[in-house]
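Numbering starts at 1 and runs along the sequence shown.
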Amino acid sequence: MNRLILSAFVAAIGIATAPAARAGELWRATGLEQPESALFDAANNRIIVSNIVGNPGEADGNGYLSVLSLDGKTVTQHWTDGMDAPKGMAISGGKLYVADITKVRVVDLASGKLVASIAVPNAVFLNDMTSDHTGKVYVSDMLADTIYRIDGDKPELFVRDPLLASPNGVFAEGDRLIVASWGKGIKPDFSTAAPGGLLSVDLASKAISPLPGAQTFADLDGVIVLGDTIYATAYMTGTLYRYKVGGAPEAVAHFKPGSADIGTDGKSILYVPLMNEGEVAALKID
């Protein structure tokens, strides 16, 4: 692990900027600790939030999961403890999968109990997760240009390619993954030699295709798809973008730097973790 990069990443969490935009906001949940991901759990009508609590790349045992109600109230602050620096999450088969540096944690959705830890060989910095329609789970390795696939409890290399350009956000949509890349040539301050963009990875052929007009426009973090629209966050600037095929990425909201792996209710609400502020913002979108 590149300690210099991780130290810079932690330092970036404290960057200050102009006040966050609040247009379209429904609520903000407060009192969280470096919330990195907010996942809507439809079966249980709640939002699960991962809290890093420290260095994003350090196995310090400080990380945990929280549960929020759909109106942003804290239901359980420490729902699942025993993690290091939990980030992206995915639900499959009644289980919650959580990216945690070089492991994928498995949590029982009914109880919140940590039931397994899946070591991912050669993993460097596991980040976001998603599940496809067959129940297979995918996890990005941002610092290794890699995406892994997990079927049950068995991790395997899905695709490794420089074209992924530091893949961060991943979202399964039909027969493809939508990938939000951070960019090529990550520098010590976590800026990049070239910004990232939006990519499509075919689940069958594993072919990687940059999305037209959205190839290199920002250092991207989280990504979700709603209908014909892709939403992605840029961590370093706190910008929320939306994109439709045939158009160009459009900034629709601005927060402080630190907007991370977004979630959605699948209808019209986005859940945006704000790592710097220890908050999650709920946005109603048009």
**Student:** Are any of the side-chain nitrogens in Asp84 or Arg105 under 4.0 Å away from the carboxylate oxygens of its partner?
**Tutor:** yes
**Student:** Can you check whether Leu177 reaches Thr130 side chain to side chain, under 4.5 Å on heavy atoms?
**Tutor:** yes
**Student:** Parallel, tilted or perpendicular, judged at 30° and 60°: which one describes the rings of Tyr241 and Phe217?
**Tutor:** perpendicular
**Student:** Whether the side chain of Ser92 engages the backbone of Val137 through a donor-acceptor N/O pair (distance < 3.5 Å, no angle test) should be reported.
**Tutor:** no
**Student:** Applying salt bridge (Lys or Arg N to Asp or Glu O under 4.0 Å) to Arg28 and Glu277, what does each step give before you reach the verdict?
**Tutor:** CA-CA 10 Å; Arg28 284 202 186 192; Glu277 300 166 84; 3.0 Å; yes
**Student:** So do Met275 and Ile52 actually touch side chain to side chain, heavy atoms under 4.5 Å?
**Tutor:** yes
**Student:** Quick check: closest heavy atoms across Leu114 and Met83, and the distance to 0.1 Å?
**Tutor:** CD1-CE, 4.3 Å
**Student:** In Å, rounded to the nearest 0.5 Å, how long is the span from NZ of Lys256 to OG1 of Thr237?
**Tutor:** 14.5 Å
**Student:** Going from CZ on Arg176 to CG on Leu199, what distance comes out if it is rounded to the nearest 0.5 angstrom?
**Tutor:** 11.0 Å
**Student:** Tell me whether Trp27 contacts the main-chain N or O of Leu283 through its side chain, where contact means a donor paired with an acceptor under 3.5 Å.
**Tutor:** no
**Student:** Taking the side chain as everything from C-beta on, heavy atoms only, tell me whether Tyr235 gets closer than 4.5 Å to Asp261.
**Tutor:** no
**Student:** Quick one: closest heavy-atom pair of Ala281 and Phe255, and the distance?
**Tutor:** CB-CE2, 4.2 Å
**Student:** Side chain of Ser181, backbone of Gly197: donor and acceptor closer than 3.5 Å?
**Tutor:** yes
**Student:** I'd like to know if Leu157 and Val201 are part of one continuous hydrophobic network [Ile/Leu/Val/Met/Phe/Trp/Tyr, side-chain heavy atoms within less than 4.5 Å].
**Tutor:** no
**Student:** Kindly indicate whether the side chain of Val107, heavy atoms from C-beta on, has any atom under 4.5 Å from the side chain of Leu65.
**Tutor:** yes
**Student:** Can you name the nearest heavy-atom pair linking Glu58 to Ala85, along with the distance?
**Tutor:** O-CB, 4.4 Å
**Student:** Counting only heavy atoms not in Asp81, do more than 12 fall under 6.0 Å of its CG?
**Tutor:** yes
**Student:** Donor-acceptor check, side chain of Gln77 to backbone of Gly31, threshold 3.5 angstrom: yes or no?
**Tutor:** yes
**Student:** Before giving the answer on side-chain contact (heavy atoms from CB on, under 4.5 Å), spell out for Leu220 and Leu198 the whole-Å C-alpha distance, their side-chain angles and the decisive distance to 0.1 Å.
**Tutor:** CA-CA 8 Å; Leu220 299 179; Leu198 295 171; 3.8 Å; yes
**Student:** The test is side chain to side chain donor-acceptor pair (under 3.5 Å); show your working for Tyr138 and Asp132 and say whether it passes.
**Tutor:** CA-CA 8 Å; Tyr138 300 80; Asp132 67 16; 2.9 Å; yes
**Student:** Apply side-chain contact (heavy atoms from CB on, under 4.5 Å) to residues Phe40 and Arg46 and explain how you reach the verdict.
**Tutor:** CA-CA 6 Å; Phe40 177 62; Arg46 61 189 178 182; over 6 Å; no
**Student:** Ignoring hydrogens and geometry, is there a side-chain-to-backbone donor-acceptor pair from Asp108 to Ser111 under 3.5 Å?
**Tutor:** yes
**Student:** How far apart are the closest heavy atoms of Ala144 and Thr146, and which atoms are they?
**Tutor:** O-OG1, 2.7 Å
**Student:** Side-chain donor-acceptor pair under 3.5 Å between Thr192 and Lys187, yes or no?
**Tutor:** no
**Student:** Check Pro273 against Ala38 and note the closest heavy-atom contact, atom names and distance.
**Tutor:** CG-N, 3.6 Å
**Student:** Tell me if a side-chain donor or acceptor on Ser140 pairs with a main-chain N or O of Asp128 at a distance below 3.5 Å.
**Tutor:** yes
**Student:** So which heavy atom on Pro86 is nearest to which on Gly63, and how close?
**Tutor:** CD-CA, 3.6 Å
**Student:** Would a hydrophobic clustering, with Ile, Leu, Val, Met, Phe, Trp and Tyr connected at side-chain separations under 4.5 Å, put Tyr243 with Tyr231?
**Tutor:** yes
**Student:** Test side-chain contact (heavy atoms from CB on, under 4.5 Å) on Leu164 and Val159 and set out the steps.
**Tutor:** CA-CA 9 Å; Leu164 291 173; Val159 60; 4.0 Å; yes
**Student:** Any side-chain donor-acceptor pair under 3.5 Å between Arg242 and Thr229?
**Tutor:** no
**Student:** Return the CD to CG distance between Gln34 and Asn62, rounded to the nearest 0.5 Å.
**Tutor:** 9.5 Å
**Student:** What distance separates Asn168 CG from Leu143 CG, expressed to the nearest 0.5 Å?
**Tutor:** 9.5 Å
**Student:** Please lay out, stage by stage, how Ile269 and Thr264 fare under the test side-chain contact (heavy atoms from CB on, under 4.5 Å).
**Tutor:** CA-CA 6 Å; Ile269 299 176; Thr264 179; 5.7 Å; no
**Student:** Is Tyr64 reachable from Ile48 through a run of hydrophobic residues whose side-chain heavy atoms are each under 4.5 Å from the next?
**Tutor:** no
**Student:** Out of curiosity, Lys113 NZ to Trp79 CH2, how far, rounded to the nearest 0.5 Å?
**Tutor:** 13.5 Å
**Student:** Is Val225 linked to Leu211 within one hydrophobic cluster, defined over Ile, Leu, Val, Met, Phe, Trp and Tyr using a side-chain heavy-atom separation of less than 4.5 Å?
**Tutor:** yes
**Student:** Hey, does the side chain of Ser205 reach the backbone of Ala207 with a donor-acceptor pair shorter than 3.5 angstrom?
**Tutor:** yes
**Student:** Are the side chains of Val170 and Val139 in touch, meaning some heavy atoms are under 4.5 Å apart?
**Tutor:** no
**Student:** May I ask you to test the Thr233-Thr239 pair for a side-chain heavy-atom distance under 4.5 Å?
**Tutor:** no
**Student:** Looking at Lys206, I'd like to know if its NZ atom is crowded, meaning that more than 12 non-hydrogen atoms belonging to other residues, nucleotides or ligands lie closer than 6.0 Å.
**Tutor:** yes
**Student:** Could you check whether any side-chain heavy atom of Lys73 comes within less than 4.5 Å of a side-chain heavy atom of Leu68, counting everything from C-beta outward?
**Tutor:** no
**Student:** In this structure, which one of Asn51, Asn127, Val49 forms a side-chain contact (heavy atoms from CB on, under 4.5 Å) with Glu36?
**Tutor:** Asn127
**Student:** Tell me whether Leu274 is reachable from Ile224 by hopping between hydrophobic residues (I, L, V, M, F, W, Y) whose side-chain heavy atoms are closer than 4.5 Å.
**Tutor:** yes
**Student:** Measuring from atom OG of Ser50 to atom CG of Leu39, what distance do you get when rounded to the nearest 0.5 angstrom?
**Tutor:** 9.0 Å
**Student:** Under a 4.5 Å cut-off applied to non-hydrogen side-chain atoms, are Asp145 and Asp161 in contact?
**Tutor:** no
**Student:** Think Lys87 forms a cation-pi with Phe125, using NZ or CZ under 6.0 Å from the six-ring centre and within 45 degrees of its axis?
**Tutor:** yes
**Student:** Stepwise, does the side chain to side chain donor-acceptor pair (under 3.5 Å) test hold for Lys284 with Ser268?
**Tutor:** CA-CA 6 Å; Lys284 177 78 171 180; Ser268 61; 2.9 Å; yes
**Student:** With under 30° as parallel and over 60° as perpendicular, where do the rings of Trp182 and Phe190 fit, or are they tilted in between?
**Tutor:** perpendicular
